[in-house]
Amino acid sequence: LCTLIAPVEAQTYPTRSITMIVPFAAGGPTDVISRIVTGHMAQTLGQSIIIENVVGAGGTTATTRAARAANDGYTLITGHMGTHAASVPLYPKLAYHPEKDFEPIALLAGTPILILARKDFPPKDLKEFVAYVKANAEKVNAAHAGVGSVSHVSCELLHSILDIKPVGVPFNGTGPAMNALVAGQVDYMCDQIVNAVPQINAGTIKAYAIATAERNPSLPNVPTTAEAGLPAFQAQAWNAIFAPKGTSPAIIASLNAAAIKALDDETVKKRLLELGSVIPAPKDRTPEALAALVKGEIAKWSPVLKPAT
Ligand code: MLT
């Protein structure tokens, strides 16, 4: 009976709109990447993909909801390095496990991390920033998108390198955190490039460095952390689509194919590259490659991050 049903399901899916849960506020990197790629996927699949922003607890509220959703292909989530890796060591009572409760669908983008500050933050370059935050660690604050978010984890890494513990200011996503940075209400932030490029180009914030080995073509004037004197700070996040565990292989294959088609589309590619994303190489676009990435990232972050108190 199963073998008779499976092909029919593959031919008919999707018959109605799909909900894509975004675990952070609208306008942030997860939301923007998700909207760019799912806009094209919807055309391929012939059904709309409705973005639902579900915020809270560094993305883990939404990810818990996605883990518990029906595994029928109609509720998906755009997760990332935080929700599907760093959250594991940070939240000992996490209500889901990224590997046990999800089917990986496709990696959408790599997103280098930048050290950013409000426009009038006194340090002029990264060396001055390091000296300033060390000297003023009790006064400065760092915006982030909640414990376990990429912005939180990246700045935790930076702070451990600098051996400081400044105050963190949590937001429901780095979309609102960026608004606060532009408004001068917070001092600095470690954020994904997608959120930073428009503001850096508009001159509304400062960028001290990009935490990758090479400069990014979208920000040719921003030095790497190595060039700017802090080679130990290296950080790149990623965003990817997941479905609840047990979603059928036919649905997974159809979603993966639609995601790959989107990544190969010239308009989608141009938009992602303009915002500084790294488009996954063909070998990194399979569900198996995403499963391996998640496993590797959990192993990487587990010894580094201590449970949040
Ligand atoms: C993060 O810090 O995890 C993300 O940037 C949150 C977001 O997409 O807004």
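Because only heavy atoms are used, hydrogens play no part in the values below, and waters and symmetry mates are left out as well, while side chains stay in. Whatever order the structure lists ligands and atoms in, that order sets their numbers, starting from 1.
- A salt bridge links Asp72 and Arg16; the closest N-O separation between the charged side-chain nitrogens and carboxylate oxygens is under 4.0 Å.
- The closest approach between His80 and ligand 1 falls below 4.0 Å for a heavy atom of the residue.
- For ligand 1, the atoms closer than 4.0 angstrom to any heavy atom of Ala145 are 1 (C), 2 (O), 6 (C).
- With ligand atoms numbered from 1 in the order given, ligand 1 contributes 1 (C), 2 (O), 3 (O) to contacts under 4.0 Å with heavy atoms of Ser151.
- Put simply, part of Pro29 is less than 4.0 Å from ligand 1, judged by heavy atoms.
- Heavy-atom contacts of Ser149 reach the following atoms of ligand 1: 1 (C), 2 (O), 3 (O) (cutoff under 4.0 Å).
- The side chain to side chain contact (heavy atoms under 4.5 Å, CB included) test with Phe24 is passed by exactly one of Ser149, Pro29, Ser34: Ser149.
- Atoms of ligand 1 lying under 4.0 Å from any heavy atom of Val150, numbered from 1 in the order shown and given with element: 1 (C), 2 (O), 3 (O).
- The pair Asp265-Lys261 does not meet the salt-bridge criterion, since no charged nitrogen lies less than 4.0 angstrom from a carboxylate oxygen.
- Residue contacts with ligand 1 for His144 are absent, since no atom lies close enough (heavy atoms, distance under 4.0 Å).
- Contacts between His152 and ligand 1, counted as non-hydrogen atom pairs separated by less than 4.0 Å, are absent for every part of the residue.
- Side chains of Trp238 and Val294 form a contact here, defined as non-hydrogen atoms less than 4.5 Å apart.
- Here Asp125 does not pair with Lys127 in a salt bridge; the nearest charged N to carboxylate O distance is not below 4.0 Å.
- In summary, the atoms of ligand 1 found under 4.0 Å from a heavy atom of Thr30, numbered by their order in the structure, are 7 (C), 8 (O).
- In summary, the atoms of ligand 1 found under 4.0 Å from a heavy atom of Gly173, numbered by their order in the structure, are 9 (O).
- Using the six-membered ring where Trp is involved, Phe129 and Tyr188 have ring planes that are perpendicular, over 60° apart on the 30 and 60° scheme.
- For ligand 1, the atoms closer than 4.0 angstrom to any heavy atom of Gln192 are 1 (C), 4 (C), 5 (O).
- Not counting sequence neighbours, the partners of Pro198 by the side-chain contact (heavy atoms from CB on, under 4.5 Å) test are Leu275.
- Against a heavy-atom cut-off of under 4.0 Å, Asp191 is close to the following atoms of ligand 1: 5 (O).
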Residue pair Asp191, Thr174: steps toward the side-chain hydrogen bond (donor to acceptor under 3.5 Å, both in side chains) verdict: CA-CA 7 Å; Asp191 198 12; Thr174 53; 3.1 Å; yes
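- Checked against a 3.5 angstrom limit, the closest N/O atoms of Thr174 and ligand 1 fall inside it.
- Ionic pairing of Lys269 and Asp264 is not present here: no N-O contact between side-chain nitrogen and carboxylate oxygen is shorter than 4.0 angstrom.
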